[in-house]
Amino acid sequence: MPEPVDVVEMRTALAGLRRTSGLPVAFGGLLSDARHARIAELDGARTGALRGLVISAGSGLGGKAIALARPCAVTDYPVSRHISHEYDTAVAAEGLRSVVAVPVVVRRTVRGVLYGALRTPVSLGDRTFDAAVAAARDVEQALAVRDEVRELLALTREQVAAAGPGTAPGAWEDVREAHRELRALVPRVVDPALRDELLAVCGRLASASGARATPAAAMEVRLAPREVDVVACVAAGATNAATARQLGLRPETVKGYLRSAMRKLGAHTRLEAVVAARRAGQLP
């Protein structure tokens, strides 16, 4: 079953599709397995006929889009000869005629399908197609970020368990790189529970240095989340410009965060800031 983050992203995408395309109806859902999607979210629907409908790959318009992994459309759904008609009853109950279906594709795998529809049989233009594709891309990006976070979390849990004062230098570099990558993903995570889990793991990575972090320093230093992100990038050797690209910030903003972090850490150089942050348990 889709998780809350999927529901939020799907609802946002459908609302955006209606707003940018002018289509009165939008709906969609994610795949429960390789060949079936369940319509879970409706925006602008007059009935509940479409809710819960299970779409099989190859069946109907959405099933065709899933099977081909590309957008598909019909001008008049009930009489179209280019699709099968297993779902005509639900479509007719909602009064839909012109329909576009766009697959949600992440890493070449179809993960869901979005629809936009009119209740009149007219040809859908490029603007409508572009809006539908853009809505699907929004969901794709959210799913890709979630997948990336989960993969990194799985990898770093082993590193957290293995890390300690006696950990080899090469292993510590892996821990530090994982910490930096995870922190860079935090602002892009929509799901609060997943974001909290991510931050908890980051905290465990930062404190994994054990004896190298002094309790007194940890109590005295309280860096803001973005200050930690910037110093973590600096620790990896990134320039201000590279840090800005990685974190989606302006270079001037990065400089501001770095100055603030250095002031809190009592550091006069970038290297001193990194060393002080590690001593304070802010970085692994």
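Start at 1 with the first residue, then count along the sequence.
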How long is the straight-line distance from [atom2] of [Y] back to [atom1] of [X], given to the nearest 0.5 Å?
X: K255; Y: T243; atom1: NZ; atom2: OG1; result: 12.0 Å
X: T12; Y: L17; atom1: OG1; atom2: CG; result: 12.5 Å
X: D43; Y: L23; atom1: CG; atom2: CG; result: 11.0 Å
X: L143; Y: R107; atom1: CG; atom2: CZ; result: 11.0 Å
X: L42; Y: M10; atom1: CG; atom2: CE; result: 11.0 Å
X: L30; Y: I39; atom1: CG; atom2: CD1; result: 10.0 Å

- Stepwise side-chain contact (heavy atoms from CB on, under 4.5 Å) test for R270 and L258: CA-CA 8 Å; R270 295 162 71 91; L258 183 56; 3.4 Å; yes
For residues [X] and [Y]: do they belong to one hydrophobic cluster (side chain heavy atoms under 4.5 Å, members Ile, Leu, Val, Met, Phe, Trp, Tyr)?
X: L53; Y: V74; value: yes
X: V274; Y: L223; value: yes
X: L265; Y: L283; value: yes

Would the distance check show the side chain of [X] and the main-chain N or O of [Y] forming a donor-acceptor pair, the cut-off being under 3.5 Å?
X: R226; Y: L247; result: yes
X: T20; Y: G16; result: yes
X: S98; Y: V122; result: yes
X: R97; Y: A92; result: no
X: R38; Y: L31; result: no
X: E272; Y: H268; result: yes
X: R127; Y: S21; result: yes
X: K64; Y: H82; result: yes
X: T253; Y: L249; result: no

Heavy-atom pair with the smallest gap, counting every atom of [X] and [Y]:
X: V25; Y: L96; answer: CG2-CD2, 4.0 Å
X: A13; Y: V139; answer: CB-CG2, 3.5 Å
X: A69; Y: P103; answer: C-CG, 3.6 Å
X: A117; Y: F27; answer: CB-CE2, 4.5 Å
X: G62; Y: Y115; answer: CA-OH, 3.0 Å
X: V113; Y: A101; answer: CG2-CB, 4.2 Å

- With a cut-off of 6.0 Å (strictly less than), are more than 12 heavy atoms of other residues, nucleotides or ligands near CZ of R35? no
- Count the heavy atoms belonging to other residues, nucleotides or ligands that lie under 6.0 Å from CG of D33, then report whether that count exceeds 12.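 Check passes, neighbour count above 12.
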- Partner set under side-chain contact (heavy atoms from CB on, under 4.5 Å) for S59, not counting sequence neighbours: S56, S84, E86, Y87
- Query: Can you find a side-chain donor-acceptor pair between N240 and R250 that sits under 3.5 Å?
  - Reply: no
- Inspect the contact between R81 and D76 and indicate whether a charged nitrogen and a carboxylate oxygen are less than 4.0 angstrom apart. no
- Task: Inspect the contact between E94 and R119 and indicate whether a charged nitrogen and a carboxylate oxygen are less than 4.0 angstrom apart.
- Result: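 Yes.
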- Task: Please determine which of T75, T128, L124 meets the side-chain contact (heavy atoms from CB on, under 4.5 Å) test together with L118.
- Result: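 So, applying the side-chain contact (heavy atoms from CB on, under 4.5 Å) to L118 and each of T75, T128, L124, only L124 qualifies.
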- Message: Quick check: do D147 and V106 have side-chain heavy atoms less than 4.5 Å from each other?
- Response: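 They are in contact (side-chain heavy atoms under 4.5 Å apart), so the answer is yes.
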- Do R222 and K264 touch side chain to side chain, with heavy atoms closer than 4.5 Å? no
- Task: Take R18 and L14 through the test side-chain contact (heavy atoms from CB on, under 4.5 Å) and record every step on the way to the result.
- Result: CA-CA 6 Å; R18 288 189 65 201; L14 295 178; 6.0 Å; no
Could you list the donor-acceptor pairs under 3.5 angstrom formed by side chains in residues 131-138, with sequence neighbours left out?
from : atom 1 : to   : atom 2 : distance (Å)
R137 : NH1    : E140 : OE1    : 3.3
R137 : NH1    : E140 : OE2    : 2.9

- Message: Below 30° counts as parallel, above 60° as perpendicular, anything between as tilted: where do the rings of Y77 and H85 land?
- Response: perpendicular
